[in-house]
> 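Pasting a structure below so you can have a look.
Counting from 1, the numbers follow the sequence of the chain as shown.
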Amino acid sequence: MSLLKEIEILYEDEHMLVINKPAGLIVHSDGRRKEDSVADWMLAKYPSTKDVGEPIVQANGEVILRPGIVHRLDRETSGALLLTKKKKTFEFLKNQFQERDIAKEYHAFVYGNIKSDDGVIDRPIGRSRNDFRLWSSQRGARGELREAITEYRVLERGKEVTLVEAKPKTGR
């Protein structure tokens with residue numbers, strides 16, 4: 001079954017909507033391969049949003065539409081994703097994200113047992129030395145290192161995993 005059929009609308013009004021993005025679904029195309037995306041779903045369900053948002057222009061001139069997409073969630077991340085129906089709403093929310101007025105909160109399972117009940121991870125990230133598509137905070141990361149600060153709090157401990165609440169402060 002297509003993941004597009006699994007998209008649940010959590011909230012909707014005349015300006016925006018919030019969807020529950022399932023894990024495994026990309027938000028928008030990377031231009032290299034064709035696969036279903038939230039952008040495809042948005043365009044099919046709300047065709048008037050075609051020019052809302054900021055398209056990506058590839059080096060070869062190909063334009064990738066991102067109708068109503070204000071922010072992203074990684075392919076394997078599920079959760080609430082804000083989408084806009086109007087340019088004015090898009091600009092407002094984009095500014096809110098840029099100014100870090102919108103707080104992001106993730107719940108994640110971490111392998112192993114984290115020693116501290118809470119803390120801050122403050123390590124710059126760059127491109128992985130093994131796979132340029134991935135980000136890494138390991139020594140030897142390539143390219144320009146970018147600030148990455150995340151506060152975390154342990155919610156529950158298991159034998160092999162720890163459930164944490166993570167709040168990225170830099171968007172990474």
Side-chain angles (χ1 to χ4, degrees), residues 3 6-7 10 18-40 42 53-60 62 64-66 68-84 90-172:
L3 289 172
E6 294 180 27
I7 293 180
L10 302 172
V18 180
I19 64 168
N20 185 11
K21 186 193 92 58
L25 180 64
I26 61 171
V27 173
H28 59 77
S29 172
D30 63 4
R32 291 189 286 271
R33 58 187 159 234
K34 181 62 183 152
E35 59 185 295
D36 289 341
S37 70
V38 171
D40 296 330
M42 185 71 170
E54 295 174 341
I56 298 172
V57 180
Q58 301 282 73
N60 65 3
E62 179 187 1
I64 298 170
L65 295 177
R66 299 189 307 171
I69 295 174
V70 182
H71 69 107
R72 282 187 336 99
L73 290 175
D74 291 342
R75 174 192 308 266
E76 295 308 323
T77 302
S78 63
L81 187 69
L82 302 175
L83 301 167
T84 63
F90 172 82
E91 292 299 329
F92 176 78
L93 289 173
K94 177 182 151 190
N95 184 61
Q96 295 288 301
F97 274 98
Q98 286 174 339
E99 298 297 320
R100 296 191 174 96
D101 290 333
I102 293 178
K104 297 178 188 176
E105 182 179 300
Y106 296 88
H107 288 187
F109 288 103
V110 178
Y111 289 108
N113 195 339
I114 295 177
K115 293 176 186 168
S116 300
D117 287 339
D118 55 45
V120 176
I121 301 167
D122 184 354
R123 291 194 53 125
I125 62 172
R127 293 292 178 182
S128 166
R129 62 180 166 212
N130 298 325
D131 186 344
F132 72 92
R133 295 169 297 185
L134 302 176
W135 292 96
S136 173
S137 64
Q138 299 291 319
R139 201 177 301 236
R142 301 183 301 184
E144 180 184 343
L145 296 182
R146 299 168 78 181
E147 181 181 47
I149 301 170
T150 300
E151 295 176 356
Y152 71 89
R153 179 173 64 97
V154 171
L155 298 175
E156 201 167 317
R157 297 178 186 279
K159 288 183 179 181
E160 297 179 15
V161 296
T162 305
L163 177 63
V164 298
E165 174 184 87
K167 295 181 178 180
K169 298 301 172 189
T170 55
R172 293 178 271 288

> Identify which one of V38, L81, I26 satisfies the side-chain contact (heavy atoms from CB on, under 4.5 Å) criterion when paired with L73.
L81
> Report the distance from atom CG of L83 to atom CD1 of I7, rounding to the nearest 0.5 Å.
8.5 Å
> Using a 4.5 Å cut-off on heavy atoms from C-beta on, say whether the side chain of R100 contacts that of K169.
no
> Around atom CD of E76, are there more than 12 heavy atoms from other residues, nucleotides or ligands closer than 6.0 Å?
yes
> Show the numbers, then the answer: is there a side-chain contact (heavy atoms from CB on, under 4.5 Å) between E151 and D118?
CA-CA 8 Å; E151 295 176 356; D118 55 45; over 6 Å; no
> Just how far is it from atom CG of L163 to atom NE2 of H107, taken to the nearest 0.5 Å?
7.0 Å
> Which heavy atom of S78 sits nearest a heavy atom of A23, and at what distance?
CB-N, 3.7 Å
> Quick one: does V70's side chain get under 4.5 Å of Q96's, heavy atoms only?
no
> Quick check: closest heavy atoms across S37 and V27, and the distance to 0.1 Å?
CB-O, 3.7 Å
> Does the side chain of Y152 come within less than 4.5 Å of V110's, by heavy atoms?
no
> Within the supplied structure, the quantity of interest is the number of heavy atoms (other residues, nucleotides, ligands) at a distance under 6.0 Å from E35 CD; does it exceed 12?
yes
> Can you see which heavy atom on K104 is nearest to which on P168, and at what distance?
O-CD, 3.6 Å
> So, R66 side chain and E54 main chain: donor-acceptor pair closer than 3.5 Å or not?
yes
> Report yes if the side chains of I69 and M42 come closer than 4.5 Å at any heavy-atom pair, otherwise no.
no
> Compare every heavy atom of A80 with every heavy atom of L10, then report the nearest pair and how far apart it is.
CD1-CB, 4.4 Å
> Kindly compute the distance separating CZ (R142) from CZ (R129), expressed to the nearest 0.5 Å.
10.0 Å
> Check whether any side-chain heavy atom of L145 sits under 4.5 Å from a side-chain heavy atom of R123, and report yes or no.
no
> Check for a donor-acceptor pair, side chain of K21 on one end and backbone N or O of D74 on the other, with a separation under 3.5 Å.
yes
> Drop me the distance from H71's NE2 to I102's CD1, to the nearest 0.5 angstrom.
7.5 Å
> For F92, does its backbone N or O pair with a side-chain atom of N95 as donor and acceptor, under 3.5 Å?
no
> When rounded to the nearest 0.5 angstrom, what is the spacing between CD in E147 and CG in D122?
6.5 Å
> Answer yes or no: is there a side-chain heavy-atom contact under 4.5 Å between T150 and Y106?
no
> Is the count of non-hydrogen atoms from other residues, nucleotides or ligands lying under 6.0 Å from E160 atom CD greater than 12?
no
> Under the 3.5 angstrom rule, does the side chain of R157 hit a backbone N or O of I114 as a donor-acceptor pair?
yes
